[in-house]
Amino acid sequence: MSEIKTIHLKEYKKPAFSIESVNLTFELFEEYALVSNIMSIKKIDETQSILSLDSIDLELKELWINDLQLSDSRYTIEDEKLNVLNVPSAFTLKIINKIYPQNNTELEGLYKSGTIFCTQNEPEGFRCITPYLDRPDVMSVFTTTVIADKELYPVLLSNGNKTQCHDSFDSRHGVTWEDPHPKPSYLFALVAGDLGSISDEYTTASGEYVELNIYCDKGNESKCHHAMKSLKEAMLWDEEKYGREYDLEIYNIVAVDSFNMGAMENKGLNIFNSAYVLADTDTASDANYMGIQSVIAHEYFHNWTGNRITCRDWFQLTLKEGLTVFRDQCFSSDLNSSEVQRIEDVKALRERQFVEDASPTAHPIQPKSYISMNNFYTSTVYEKGAEVIRMIHTLLGEENYRKATDLYFETFDGQAVTTEDFLWAMSEASGVDLSAFKLWYHQSGTPKLEVKESYNNGVFTLSLKQIIPDTVSGKTQQVYFYPLKMALLDENGIELLEKTLLISKELEEFSFEGLSTKPTLSINRDFCAPIIIEEEHSNFSFLMKHDTNSFVKYEAAQSFAIETIEALMRNEGLNEEYIEAYGHLLDLDIDLSYKALLLELPSVSTLMQRMSIVDFEPIYKAKEELSLRLATVFKEKLLNIYTQNHFAKSVELDALSMSQRAIKNRVLRALSSLESQDITLLAKTQYEESLTMTDRVVALDILENTHPTFAQVALRDFYAKYKNETLVMNKYFSILAASDREGTLQRVVALQNDEVYDEKVPNLVRSLVGVFARNYKHFHSKDGAGYSFVANKIIEIDKINPQMASGLCGAFKIYNKMNDISQTLMKVELERIISTQELSKNSFEIISKILKINKK
Ligand code: PHE
Ligand code: ZN
């Protein structure tokens, strides 16, 4: 490992050179690849005589300036740089270097996923391919020729439009691609393989024809149709909502099995984790279908928000990611149930981002420094970033927001810009002053809002107090400016008024006059701001019954359940009023997916976040007690809902069928806490008879957690059916790794020897080790065996794939919230990890942050 350096935003300097064009030739062989890189370079800063190119582990073969081959004295190689000395003002630099994609297990740069050559260059992978100014503010026009064996690699792809085929070298062939749009190196991509594909076409609003292809392993073609449909939906949506059209003759997507993340928006050649492309009803769940639709759209939307307009430096990552997540959320909301989409997005934010924001790795959506940029592809940059854009959207209103995005695209097309530039466009086009809003980009932690209500002589007064957490290092932070949507309801639940308040001070009061009786407050409607509302007394059961805002109705149900569970944790008995309110939810005649969400009890993570020192046992106990009581009281009703919505032979994917599966499986889970013979049999039958993966996985999970004997039979059946489908095997490993049952750790350890498991495939590691590390019960087992297992895996995987390893380190972020006994056990493991020889900078950055926060 090279020395550990921290990169700071404040040290940003403009590039001293520009690269006008790049001409790349790849010769791919089984043992190695040769890269020829011809760049036309110009000085921007005439005082510079050394061109310092990023270069990691590249075997340099030849180096030329114009027609002159350079001798050793004209360049130096040091510390991940190739320095070319005494360069003129404008010149052609030619580099030939050798790389070893077959040995690349980090999955960054050029690597092999199974038999397919593919690339991943965001954020800094290109420097593992060829020496370059590998930074997003250096944009250039790329021409790429790929040459490989004809039979093994009939498909040769790169960015842009296909311009030439070369068939003249015997057993080998080549293809040349030209991308007319200047782009940074992180958007470069190359694929070579013997791939299957499906094709389609799209005509843009201005009449341009676009060829669409999705490539995958042969045999999987029939699983690509949902992805293709989603792509066309996304292309149309971006035209209608943002006036943005696609800008090349061809759009290619390639699905690969070994990929560190979800997918990558390379210009004209997206590379996807196959989990976000492949689906059919036999192998994919409804959640998978939704995930594919949203990730396909996300990567497509990057073509404008990310590719045409890119980031000046990596500190600006949320410029493209926060905005693009906001865009994909709105897309999903327009195409599916908007109430369900909003709740799902908020749930995800709270489960991941709120936890991160309260941890030692908390950071602003625009971080100030990093050691490894790979560690900053976080739910803060992505999901909180999207919430920040959503607030801007609320402050501006739909019409002004559209004017502002138009101005943004017009002004910055073809440039690498900052979040400041984005905010300028938002404000310039709308006239809305966003100067106070900027803090959202620079502060960390989740803000709280303390709410007090009073009612006197027809006047309702809301007293609000902002409580802002300190930074990780203990610095105080300032209060925020944000929109807060609220309403007042009368005693029948009729809306008296709805308003968007602008919050900007630490203490604020809002009064509402002329109210004949005390109204009920409905606050943070639609989860307008990503904050935590703290209120002493609220009429949860009233809001559950009457609120007209689908989010607040859900929120009230959650809050009432939280209050009830926390009372149980304090041994204060079970609040019967909650049971009654839950019964009311069961009777509602509303969208069934929405109803399924209303019926869900708060997660262990939600309850855990509210404790200052975490102990999981009382949470599990109280939740189990409440679940059992609800299932006992409402068994009849729950069973009715089940029977009315269960159609074992249905494989339809329309909204109604999906929502029927959602509600039926929700009530089956609720009933399973009875652990009674009839319910277990219901789950067993569902496993055996249902034709969808959604139904089978839920049934399997219930059996695993309630009936080991049935589970064994079902699991064996599942394994036999699907052992050749790695995407399905991920589900198998996840169910076992998330299991409540005794002996889970032992089974996880043993599963590593399963012939299907492969430590080099990130999806498999995530579904076995990653899921286990989030299994609170077994990861935090009192003997420390869970900690020690995960630490061993981190150390081992760090040598294979540092990005995967640092992801697993996340499990320890809860360190400072654990009790002394657990902390002591964790500390031993954390220190063992950090003292590992040649630990990657990725893992080092996370573990050092965790340890620093609480040195005991
Ligand atoms: N830019 C990708 C996305 O969000 C994520 C990604 C980052 C993928 C880094 C791979 C590596 O769409
Ligand atoms: Zn993205």
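Just so you know, ligand 1 is whichever comes first in the structure, and atom 1 is the first atom listed for that ligand. Residue numbers run from 1 in the order of the sequence given.
Considering both main-chain and side-chain atoms, Tyr377 never comes within under 3.5 Å of ligand 1 through any nitrogen or oxygen pair. On a distance-only criterion, Gln803 and ligand 1 share no N/O pair closer than 3.5 Å.
The Zn ion (ligand 2) has an N, O or S atom of Glu321 inside 2.8 Å of it.
A 4.5 Å side-chain heavy-atom check between Glu233 and Leu335 finds at least one atom pair inside the cut-off. Side chains of Trp237 and Glu240 form no contact here, defined as non-hydrogen atoms less than 4.5 Å apart. Residues Glu211 and Asn161 fail the side-chain proximity criterion, which asks for heavy atoms closer than 4.5 Å. Side-chain contact between Lys368 and His442: present, with at least one pair of heavy atoms (C-beta onward) separated by less than 4.5 Å. Under the 4.5 Å side-chain criterion, counting only non-hydrogen atoms from C-beta, Tyr757 is not in contact with Met729. No side-chain heavy atom of Met290 sits under 4.5 Å from any side-chain heavy atom of Glu344.
A cation-pi geometry, defined here as NZ or CZ lying under 6.0 Å from the six-membered ring centre and within 45° of its normal, does not hold between Arg308 and Phe409. Remark: Lys232 is not positioned above the aromatic ring of Tyr202, lacking an NZ or CZ atom under 6.0 angstrom from the ring centre and at most 45 degrees off the axis.
Residue-ligand proximity, His302 to ligand 1, at heavy-atom distances under 4.0 Å covers atoms 3 (C), 4 (O), 12 (O). Ligand 1 places these atoms under 4.0 Å from at least one heavy atom of Glu299: 3 (C), 12 (O). Heavy-atom proximity to Lys320, at under 4.0 Å, picks out these atoms of ligand 1: 1 (N). Less than 4.0 angstrom separates some heavy atom of Glu265 from each of these atoms of ligand 1: 1 (N), 2 (C), 3 (C), 12 (O).
Within the 4.0 Å heavy-atom shell around ligand 1 one does not find Glu108.
Of all protein heavy atoms, the one closest to atom 8 (C) of ligand 1 is Ala263 O, 3.3 Å. At the shortest separation from atom 11 (C) of ligand 1 among protein heavy atoms lies Gln120 NE2, 3.1 Å. Closest protein heavy atom to atom 5 (C) of ligand 1: Tyr382 OH, 3.3 Å. Protein heavy atom nearest atom 6 (C) of ligand 1, with residue, atom name and distance: Met261 CE, 3.7 Å. In this structure, the protein non-hydrogen atom closest to atom 1 (N) of ligand 1 is Glu122 OE1, 2.6 Å.
The minimum heavy-atom distance between Ile365 and Val381, with the atom names listed, is O-CG2, 3.7 Å.
Atoms NE2 of His298 and NE2 of His302, as seen from the Zn ion (ligand 2), are separated by an angle of 100°, to the nearest 10°.
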